[in-house]
S.K.: 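After the structure tokens below, expect a handful of questions from me.
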Amino acid sequence: MSDIVNVRGLVKRYGEKLALDHFDVRIARGEIFGLLAPNGCGKTTAINCMLQLLTYDRGDIELFGEPMTPARYDLKRRIGVVPQQVAVLDELTVRENVDAFCALYVADARKRRCLVDDALDFVGLADHARQRPRRLSGGLLRRLNIACGIAHKPELLFLD
């Protein structure tokens with residue numbers, strides 16, 4: 001079985017501060033992997049480098065057995081991200097939020113409707129679909145954030 005994530009020798013500096021010092025990680029397809037470490041040690045930096053949201057100084061990143069670069073939208077479409085901070089749009093309803101994030105990956109509105117329904121059901125928000133995020137509790141907001149990250153049924157999911 002091939003690795004879904006393969007990072008070798010990743011180095012990231014912020015000026016003089018060394019954030020990642022030859023970071024290596026291999027994650028097999030189907031594996032659930034947790035990166036546990038103290039606050040401020042580079043976990044989010046590593047994820048953002050893997051997603052090509054940050055440039056890095058040195059190293060190699062492969063996702064799905066392919067080199068990951070900023071322009072690899074074919075690979076990015078196969079990834080879901082649930083950021084550390086809740087990232088939703090207060091002007092939209094719960095359903096509209098999930099649909100908006102899903103639309104970044106899936107153009108067909110009919111297919112998206114089914115995917116959004118599945119995501120809302122999975123996280124237990126179907127009964128809250130017409131509410132605005134500001135009316136949700138902190139736990140329900142976290143669920144909405146998760147629904148937004150999984151609606152397009154990604155092969156690889158990053159939970160920061």
Side-chain angles (χ1 to χ4, degrees), residues 1-73 75-94 96-105 119-120 122-125 128 131-160:
M1 190 175 344
S2 65
D3 293 326
I4 199 164
V5 174
N6 190 357
V7 178
R8 296 174 306 277
L10 191 60
V11 175
K12 170 65 179 168
R13 287 185 170 80
Y14 293 103
E16 294 295 314
K17 180 167 177 59
L18 183 61
L20 295 172
D21 187 9
H22 294 87
F23 175 76
D24 294 322
V25 66
R26 292 178 68 176
I27 304 169
R29 185 175 297 277
E31 183 176 6
I32 297 172
F33 180 87
L35 187 57
L36 304 174
N39 291 341
C41 73
K43 299 179 299 292
T44 298
T45 296
I47 290 170
N48 287 335
C49 288
M50 286 185 256
L51 295 170
Q52 298 295 309
L53 298 174
L54 276 178
T55 59
Y56 48 94
D57 300 292
R58 191 176 336 169
D60 296 301
I61 299 171
E62 290 181 359
L63 300 180
F64 310 102
E66 300 280 336
M68 183 62 167
T69 65
R72 288 300 305 262
Y73 299 109
L75 299 181
K76 291 180 182 189
R77 284 185 193 93
R78 299 166 66 185
I79 300 169
V81 179
V82 179
Q84 194 174 87
Q85 301 297 322
V86 173
V88 295
L89 303 167
D90 287 328
E91 309 80 35
L92 303 179
T93 66
V94 165
E96 290 167 342
N97 263 283
V98 178
D99 184 63
F101 283 94
C102 191
L104 298 171
Y105 304 94
L120 290 174
F122 182 78
V123 299
L125 285 179
H128 301 277
Q131 289 184 338
R132 304 259 186 232
R134 67 180 166 274
R135 311 261 305 157
L136 301 177
S137 68
L140 293 179
L141 272 174
R142 176 58 64 198
R143 289 189 206 180
L144 173 55
N145 218 32
I146 292 168
C148 291
I150 66 167
H152 67 289
K153 301 205 185 285
E155 295 173 58
L156 174 61
L157 180 63
F158 286 94
L159 302 165
D160 190 6

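FYI, the numbering just counts along the sequence from 1. Hydrogens, waters and symmetry mates are skipped; everything else that's a heavy atom, side chains included, is used.
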S.K.: Less than 4.5 Å apart, any side-chain heavy atom of E155 and any of R29?
M.R.: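 Yes; the side chains approach each other to less than 4.5 Å.
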S.K.: Applying side chain to side chain contact (heavy atoms under 4.5 Å, CB included) to F64 and I4, what does each step give before you reach the verdict?
M.R.: CA-CA 4 Å; F64 310 102; I4 199 164; 3.6 Å; yes
S.K.: Step by step, work out the side chain to side chain contact (heavy atoms under 4.5 Å, CB included) result for E91 and E96.
M.R.: CA-CA 9 Å; E91 309 80 35; E96 290 167 342; over 6 Å; no
S.K.: Between F122 and I150, what is the shortest heavy-atom contact and its length?
M.R.: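 Heavy atoms of F122 and I150 come nearest at CD2-CD1, 3.5 Å.
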S.K.: Tell me whether K153 contacts the main-chain N or O of A119 through its side chain, where contact means a donor paired with an acceptor under 3.5 Å.
M.R.: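 A pair under 3.5 Å: no.
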S.K.: Measure the CG-CZ distance between L136 and R143 for me, rounded to the nearest 0.5 Å.
M.R.: 10.0 Å
S.K.: Taking all heavy atoms of G149 and all of V82, pick out the closest pair and write down the distance.
M.R.: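 Closest heavy-atom pair between G149 and V82: CA-CG2, 4.2 Å.
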S.K.: Restricting to non-hydrogen atoms, name the atom on K12 and the atom on T55 that form the minimum distance, rounded to 0.1 Å.
M.R.: NZ-O, 3.0 Å
S.K.: Under the side chain to side chain contact (heavy atoms under 4.5 Å, CB included) rule, what do N6 and D60 come out as? Steps first, then yes or no, please.
M.R.: CA-CA 8 Å; N6 190 357; D60 296 301; over 6 Å; no
S.K.: Please check: side-chain N/O of H152 versus main-chain N/O of I79, any donor-acceptor pairing under 3.5 Å?
M.R.: yes
S.K.: Is the backbone of P38 close enough, under 3.5 Å, to the side chain of K43 for a donor and an acceptor to pair up by distance?
M.R.: yes
S.K.: Is there a side-chain contact between T93 and R132 in this structure, where contact means two heavy atoms from C-beta onward sitting under 4.5 Å apart?
M.R.: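 Of all side-chain heavy-atom pairs linking R132 with T93, at least one is under 4.5 Å.
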S.K.: Check P133 against N97 and note the closest heavy-atom contact, atom names and distance.
M.R.: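 Taking P133 first and N97 second, the nearest heavy atoms are CG-ND2, 3.6 Å.
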S.K.: Shortest non-hydrogen contact from A87 to F101?
M.R.: O-CZ, 3.5 Å
S.K.: Using 0.5 Å steps for rounding, measure from the CG atom of L20 to the SG atom of C49.
M.R.: 5.5 Å
S.K.: A quick test of your reading: do over 12 heavy atoms of other residues, nucleotides or ligands sit less than 6.0 Å from CZ of R58?
M.R.: no
S.K.: Is the count of non-hydrogen atoms from other residues, nucleotides or ligands lying under 6.0 Å from Y73 atom OH greater than 12?
M.R.: no
S.K.: Can you tell if the side chain of F158 reaches within under 4.5 Å of the side chain of L35, non-hydrogen atoms only?
M.R.: no
S.K.: Any side-chain heavy atom of T45 sitting closer than 4.5 Å to one from F23?
M.R.: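 Counting from C-beta outward, T45 and F23 never come under 4.5 Å.
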S.K.: For D3, is there an ion pair with R26 - N to carboxylate O distance below 4.0 angstrom?
M.R.: yes
S.K.: Distance check, rounded to the nearest 0.5 Å: D21 atom CG versus C41 atom SG?
M.R.: 12.5 Å
S.K.: Side chains of N145 and P83: does their closest heavy-atom pair fall under 4.5 Å?
M.R.: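 Contact flag for N145/P83 side chains = yes.
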S.K.: Can you tell me how far apart CG (L75) and CD (Q52) are? Round to the nearest 0.5 Å.
M.R.: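 Output value for this atom pair is 9.5 Å.
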S.K.: Roughly how far apart are T44 OG1 and L53 CG, rounded to 0.5 Å?
M.R.: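 Reported value, rounded in 0.5 Å steps: 11.5 Å.
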S.K.: Is E62 salt-bridged to R72, cutoff N-O under 4.0 Å?
M.R.: no
S.K.: Can you tell which of V123, V86, V94 makes a side-chain contact (heavy atoms from CB on, under 4.5 Å) with L144?
M.R.: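 Between L144 and the candidates, side-chain contact (heavy atoms from CB on, under 4.5 Å) is satisfied uniquely by V94.
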S.K.: Quick check: closest heavy atoms across T69 and K76, and the distance to 0.1 Å?
M.R.: O-CE, 4.0 Å
S.K.: Run the numbers on V5 and L63 for side chain to side chain contact (heavy atoms under 4.5 Å, CB included), then give the verdict.
M.R.: CA-CA 5 Å; V5 174; L63 300 180; 3.7 Å; yes
S.K.: Measure the spacing between CG of D160 and CD of Q84 and express it to the nearest 0.5 Å.
M.R.: 4.5 Å
